[in-house]
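Before any comments, here is the structure.
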Amino acid sequence: MNWGIIGLGKISNKFTEALKIVDDAAIYAVASRNQIKADDFAKRHHAKKAYDSYEKLFRDEKVEVVYIGTPHVFHAENAIAAMEHGKSVLCEKPIAMNRKQAQQMFDCAKANNVFLMEALWTRFIPSFIKAKELVENGTIGEVKNIVADFGFRSNHSPESRIFNPKLGGGSILDVGIYPIFLAVTILGKPNAIKAFAKMNEQQTDNACNMIFEYENAMASLMSSLVANQQVEATIFGTEGSIRLNNRFHEPTSISILREYKEVEKIEFEELGSGMQYQAIEVQNCIKAGKTQSDLMSWNDSLLLHEVMDSVRREAGILYEWD
């Protein structure tokens, strides 16, 4: 299956490396607004074509599926343009700046009868799938609380993408999406949300603390761009707990605990970066004639973005797209 890659930064480089170990996947074309950058990326990853515009890649009839690794603010525009050219799309997380944009993207996929999925790679990693399975099998009884954090101290300048409001900067969209995704995947839509953010001079969030309330459970979540955190997650139940060990969004081990003691540690073999699993899901779905994944459906992404929108409103984190 011929892949096209647009937005040739760090995340696209990581994904393209992972694509190399996917059966029946070809790194066919890459595109940047800079021909030199496109040529360099193509040479590094042995792509057949290198374009100096996304439009040229979208017009290439041999490209079957496009991976979008551009900054968040361009995801909707880029994905819609690709789908209007009949391309299937895997779009990096967050798939959009808000739920409204995400809905527009899924409407476009439906209208053009093409596959579209949010590249939230954690959902497809074997260790996460196993942890979810253990919860659903009742290994720890009824889930009562989830505690998860994702934070690191960024050394980027204040003008960089990670802090720039014009490029969707801030901790929630960059890393907070992971603990929010965990809570929503395990417990669903919260009944109530409390959120508190520490804003910077650029008016994006350096950090955010969140509390989700459910009928019979709670979730305590944190994100940060200014402090190195544990990057662990624990799902607490009435009969024990499951810990997704550091780093919880890509864990190589999960632990089952009872009475505060680890009774079992399940190790997972590291195969590549872990990003290959989402690519495998995309290819399997397209070959099966599907326009969306059962594991990360359009409704899953819409719910995730609805909750993130609520968190941001509660914490006073707004962008011009809102």
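All values below come from the heavy atoms of this structure, side chains included, with hydrogens, waters and symmetry mates left out. A quick note: this is a predicted structure, and the numbers were derived from the prediction, not measured.
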is_close_aromatic(Phe128, Phe181), centroid dist under 6.0 Å: yes

Donor-acceptor check, side chain of Glu133 to backbone of Ile129, threshold 3.5 angstrom: yes or no? no

Among Arg312, Glu306, Arg313, which residue meets the side-chain hydrogen bond (donor to acceptor under 3.5 Å, both in side chains) test with Ser310? Arg313

Name all pairs fulfilling the ring-ring contact (aromatic ring centres under 6.0 Å, His included) condition that reach into residues 187-219, sequence neighbours left out, sorted by first residue then second. none

Test: ring-ring contact (aromatic ring centres under 6.0 Å, His included). Region: residues 86-106. Which pairs qualify, not counting sequence neighbours? Phe106-Trp298

Is a side-chain donor or acceptor of Ser223 paired with a backbone partner of Ala207 at a separation under 3.5 angstrom? no

In terms of heavy-atom contacts, does NZ of Lys14 have more than 12 from other residues, nucleotides or ligands at under 6.0 Å? yes

Which pairs, with at least one residue in residues 20-44 and sequence neighbours excluded, count as a ring-ring contact (aromatic ring centres under 6.0 Å, His included)? Phe41-His45

Indicate the ring-plane relationship of Phe150 and Tyr178, choosing parallel, tilted or perpendicular according to the 30° and 60° boundaries. parallel

Pairs flagged by salt bridge (Lys or Arg N to Asp or Glu O under 4.0 Å) wherever residues 19-35 is involved - sequence neighbours left out: Glu17-Lys20, Asp24-Lys287

I'd like to check the side chain to side chain contact (heavy atoms under 4.5 Å, CB included) partners of Ser154; sequence neighbours left out, ordered by chain and number. Phe152, His156, Ile162, Phe163

Give me each pair satisfying ring-ring contact (aromatic ring centres under 6.0 Å, His included) with a member in residues 85-105, each pair once, sequence neighbours excluded. none

For Glu55, the salt bridge (charged side-chain N to carboxylate O under 4.0 Å, His left out) test, sequence neighbours excluded, returns Arg59

For Glu159, enumerate each residue passing the side chain to side chain contact (heavy atoms under 4.5 Å, CB included) test, keeping only those at least two apart in sequence or located in another chain. Ser157

Can you tell me if Lys37 uses its side chain to pair, donor with acceptor, with the backbone of Gly9 under 3.5 Å? no

Asn216 meets the side chain to side chain contact (heavy atoms under 4.5 Å, CB included) criterion, sequence neighbours left out, with Glu142, Lys144

So how far is it from Met296 CE to Glu281 CD, rounded to the nearest 0.5 Å? 11.5 Å

Can you tell me how far OG1 of Thr204 sits from CD1 of Ile172, rounded to the nearest 0.5 angstrom? 11.5 Å

Output the rest of the hydrophobic cluster of Val147: all Ile, Leu, Val, Met, Phe, Trp and Tyr residues reachable through side-chain heavy-atom contacts under 4.5 Å, sorted by chain and number. Phe236

After noting the C-alpha distance and the side-chain angles of Trp121 and Glu92, does the key distance pass the side chain to side chain donor-acceptor pair (under 3.5 Å) rule? CA-CA 9 Å; Trp121 59 305; Glu92 189 50 54; 5.5 Å; no

Taking salt bridge (charged side-chain N to carboxylate O under 4.0 Å, His left out) as the test, write out the residues that go with Glu239, two or more places apart. none

Side chain to side chain donor-acceptor pair (under 3.5 Å) between Asn98 and Asp309, worked out: CA-CA 6 Å; Asn98 51 39; Asp309 288 355; 5.6 Å; no

Considering residues at least two apart in sequence or located in another chain, which fulfil the side chain to side chain donor-acceptor pair (under 3.5 Å) criterion with Glu269? none

Does any part of the side chain of Glu118, heavy atoms only, come nearer than 4.5 Å to the side chain of Cys91, both counted from C-beta? no

Check: Cys208 and Val311 side chains under 4.5 Å, non-hydrogen atoms: yes

